[in-house]
**Student:** 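Below is a structure I'd like to ask you about.
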Amino acid sequence: AWRKHSATEFTTKDEFEKDLVRHIETTLARSLYNCDELAAYSGTALAFRDRLIIEWNKTQQRQTFTDQKRVYYLSLEFLMGRTLDNAMLNVGLKDVARDGLSDLGFRVEDVINQEHDAALGNGGLGRLAACFLDSMATLNYPAWGYGLRYRYGIFKQEIVDGYQVEIPDYWLDNNPWEFPRHEITVDIQFYGNVKKCQDESGRISHSWEDGEIVQAIAYDVPIPGYGTKTTNNLRLWSSKASSGEFDFQKFNAGDYESAVADQQRAETISAVLYPNDNLERGKELRLKQQYFWCAASLFDIVRRFKKTKRAWSEFSDQIAIQLNDTHPALAIVELQRILIDKEGLEWDEAWGIVTKTFGYTNHTVLPEALEKWSVPLMQNLLPRHLQIIYEINLFFLQSVEKRFPNDRDILSRVSIIEESHPKMVRMAYLAIIGSHKVNGVAELHSDLLKSTLFKDFVKIYGPDRFTNVTNGITPRRWLHQANPRLSALIAEKLGSYDFLKDLTLLDKIETFVDDKAFREEWAVIKRENKLRLAKHIKATTGFDVNPNALFDVQVKRIHEYKRQQLNIFGVIHRYLSIKAMSAEEKKKVVPRVSIFGGKAAPGYWMAKTIIHLVNKVADVVNQDPEIGDLLKVIFIADYNVSKAEIICPASDISEHISTAGTEGSGTSNMKFVLNGGLIIGTCDGANIEITREIGEQNIFLFGNLAEDVEDLRHRHFYGGFKLDPQLERVFDAIKDNVFGDKADFSALISSIEEHGDYYLVSDDFNSYITTHEMVDEAFQNQEEWLAKSITSVARMGFFSMDRVTNEYADSIWNVEPLDVTD
Ligand code: 26Q
């Protein structure tokens, strides 16, 4: 018989208050009389945490007991954001909490705002992992995430004198959402050397010896699904000096300082998230992080499998492992090593298991983002793994040679080892060869992978190994949580909140597109969301913005390929045009607020220059009396998940304007449309499928197509470069020091004028400006604009992360949901 659990499961306001007060008074040792918002947050979080723990334990027991196939999602980034609001909504008790907190004199929104974002990621890739966790739990898939428990997440961004300044994000103090599992540890080895042994029967084996040992400690985070009891697990590894390894020699010899230094070096592995997005730099510590996390996770997965006493041949029937980009590609090598060196399997049997287990998701075609590790570095840090990589490569190349005996070049093209100086290990090739499925994240991106980057592999393996799964977003966070009023309005019309579990049901709201009361409420909600953002802008920048103006938003990591420079040049063009207008002409201008936000990698100088220019333009434009309300430029500092929850519901239009063929998918495009904003974008990434779903009359597309990019770049160099005349006018203003010292921005201009305009800013400028004029015109017809907004939301069902998760489950993982009938 089951022992009844001791923790409470409150459902009413009074029960919640009892739990809340108990936690404030006993767990936190605070008196109710000096309970501030932070204590109210902690108490509320603990009360909800109790509820999660009960279902979490049950879910884990159920998954162990039924022992069906599980998914492990390996990601170096999980950009979770805040947890409390999400937990309240998922268990359906936010209103209970609101009432209970109000009795104690608190507003639930203020309490929620006390929480620090869990920012263990850079951008899209990390947020995708977080959306995966939400959907896998909601759909009852037995699934775990594995990641690193960074002590410092992505840095906090401050803007000082118009420049980005990075502040460390120490976030771990009083985090109620993680559970240290001090009993779950794994010893991880680095360096050392490989010994070859032969037994009496002549069988050769390898052992990796004399390395340095670092200990991995598990920290678990509960992941509740929406409207289900399933609560999955996210396991994050933290590094510590191995107790066996702590140098007692040094310690006893009085060399205390150096013993402590060793300890700190071990802890450095999980200290900080690398802040580069779409750029790889080959640092040893990054490789250490990757191996540390892969080895700990694989050990844990294999340990769990061995407890079931199944045959190794059943491994891939029980386990699917998804690689979020190539960052965990070493997991392929590590599993092969465990199977042959530790478990004594033959190479071929082991390799069959490995390839059936792994799937690999690629997120980018940008050459500078493709991971390569130097062979000497890997030789030193992971000598046995390098041997295995060479072996994998040898067998692979032999099979290629047999199939294509007359193609001499193909071998060097597809080799895992690049024959450069030094030699490099190409992680994407390793990931393809070690997986049974490789997918891109939007149709165009997956097609480009097949026709360019991975072309030879399509020839070798056939087209079936390569597939597309277009990204999505979780409607729980990105509609229900970020935009509760819109969610409520939709629920009222559809008769329930079922659309949060089946987003295709949204299509039913299209029948209300002509319903006057519905349209009015829709418009009121957008306005309230704009007011909320205006308040935030006022509080953080001091600028007043007119909520009736057209809010034009571009928030995402700052990168040349995403082309924030195109946007700010367009803003300057607008500014100059308004300045040249007569008073009569000005009356026809549609007022605009251009809102930017995003972080630049600390070492990415050009991206920092773009931020600087945006802030300088803001300084000039916002104070120009000739401009008034007609144009305002805002840079929102420290863009992160919780800011996105305020910004996404507040846009009239948002910008997704990457050079065609460069953005894997983009996911904020989906967030903005789902919240009733229109978008301006290039034919790139998921913009193309968004257009297909919502209709081309509901989106503002512009610019050159991916198929023409190569040719245009070529012509810049060999056909002579001609700057767009309107862009020239913009550059002239910058060169006249209108936005401060022109020298500050010379690199930005010369990259276009002199260095080939790689991102086609000039080629797309005219079409960009013209399209913005169409946006202004469309915005003047508010009734039509509203119809576009409603219609678009109604047609966004396809972009639910639940659809994405089911596609992975069917076509890559071959896993079934685990029914929860309690
Ligand atoms: C690699 C090596 C060393 C250090 C850092 C990195 C690194 C870190 C982060 C490389 C890439 C990233 C992040 C990439 C990323 O966010 N890609 C985005 O993924 C989204 C989800 O699929 C897509 O929507 C975006 O188009 C894509 O840019």
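Heads up: numbering here begins at 1 and tracks the sequence. Reckoned from all heavy atoms, side chains included, excluding hydrogens, waters and symmetry mates. Counting starts at 1 for both ligands and their atoms, following the listed order. Just so it is clear, the model here is predicted, and its values are computed rather than measured.
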**Student:** Salt bridge (Lys or Arg N to Asp or Glu O under 4.0 Å) for R476 and D802? Distances and angles first, verdict last.
**Tutor:** CA-CA 11 Å; R476 273 75 65 179; D802 297 345; 2.8 Å; yes
**Student:** Identify, for atom 26 (O) of ligand 1, the protein heavy atom at the shortest distance, and state residue, atom and that distance.
**Tutor:** E663 OE1, 2.7 Å
**Student:** Does the gap between the ring centers of F596 and F635 come in under 6.0 Å?
**Tutor:** no
**Student:** Would you tell me whether E418 and S420 have side-chain atoms, one donor and one acceptor, within less than 3.5 Å of each other?
**Tutor:** yes
**Student:** Pull out every atom of ligand 1 sitting under 4.0 Å from any heavy atom of G664, numbered as shown with elements.
**Tutor:** 26 (O)
**Student:** Would L279 count as a contact of ligand 1 if the rule is a heavy atom under 4.0 Å away?
**Tutor:** yes
**Student:** Would one find an N or O of A369, backbone or side chain, under 3.5 Å from an N or O of ligand 1?
**Tutor:** no
**Student:** Within a strict 4.5 Å, meaning less than it, do heavy atoms of the V804 and T470 side chains meet?
**Tutor:** no
**Student:** With side chains defined as the heavy atoms from C-beta onward, is the minimum distance between S668 and H656 less than 4.5 Å?
**Tutor:** yes
**Student:** Find all atoms of ligand 1 within a distance of less than 4.0 Å from any non-hydrogen atom belonging to N276, and give their numbers and elements.
**Tutor:** 5 (C), 7 (C), 8 (C), 9 (C)
**Student:** Near E77, which atoms of ligand 1 are under 4.0 Å from a heavy atom of that residue?
**Tutor:** 8 (C), 9 (C)
**Student:** Are any of the N/O atoms in S665 less than 3.5 Å from those in ligand 1?
**Tutor:** yes
**Student:** Have Q164 and Y604 got a donor and an acceptor in their side chains that come within less than 3.5 Å?
**Tutor:** no
**Student:** For ligand 1, which atoms have a heavy atom of Y561 less than 4.0 angstrom away?
**Tutor:** 28 (O)
**Student:** Please list the nearest protein heavy atom to atom 2 (C) of ligand 1 with its residue and the distance rounded to 0.1 Å.
**Tutor:** E280 CB, 3.4 Å
**Student:** Please check whether N471 reaches ligand 1 - meaning an N/O of the residue sits under 3.5 Å from an N/O of the ligand, judged on distance alone.
**Tutor:** yes
**Student:** Considering only NZ, NE, NH1 and NH2 on the basic side and carboxylate oxygens on the acidic side, decide whether E371 and R281 come within less than 4.0 Å.
**Tutor:** no
**Student:** State which residues pass salt bridge (charged side-chain N to carboxylate O under 4.0 Å, His left out) with E178; sequence neighbours excluded, sorted by chain then number.
**Tutor:** R149
**Student:** How far is atom 12 (C) of ligand 1 from its nearest protein heavy atom, and which residue and atom is that?
**Tutor:** N278 N, 3.5 Å
**Student:** P168: what forms a side chain to side chain contact (heavy atoms under 4.5 Å, CB included) with it, not counting sequence neighbours?
**Tutor:** Y152
**Student:** Are any of the N/O atoms on G666, whether in the backbone or the side chain, positioned under 3.5 angstrom from an N/O atom of ligand 1?
**Tutor:** yes
**Student:** Just need the protein heavy atom nearest to atom 3 (C) of ligand 1, so name the residue and atom and give the distance.
**Tutor:** R286 NE, 3.3 Å
**Student:** So which heavy atom in the protein is nearest atom 18 (C) of ligand 1, and how far is it from that ligand atom?
**Tutor:** L125 N, 3.9 Å
**Student:** Hey, does H327 come in under 3.5 Å of ligand 1, counting only N/O atoms on both sides?
**Tutor:** no
**Student:** May I ask you to check whether H363 has an N/O atom sitting below 3.5 Å from an N/O atom of ligand 1?
**Tutor:** yes
**Student:** Give a yes or no on whether the ring-centroid distance for Y808 and F132 is below 6.0 angstrom.
**Tutor:** yes
**Student:** Would you call D277 a ligand 1 contact, heavy-atom distance under 4.0 Å?
**Tutor:** yes
**Student:** Please state whether the rings of Y291 and F190 are parallel, tilted or perpendicular, taking 30° and 60° as the class boundaries.
**Tutor:** perpendicular
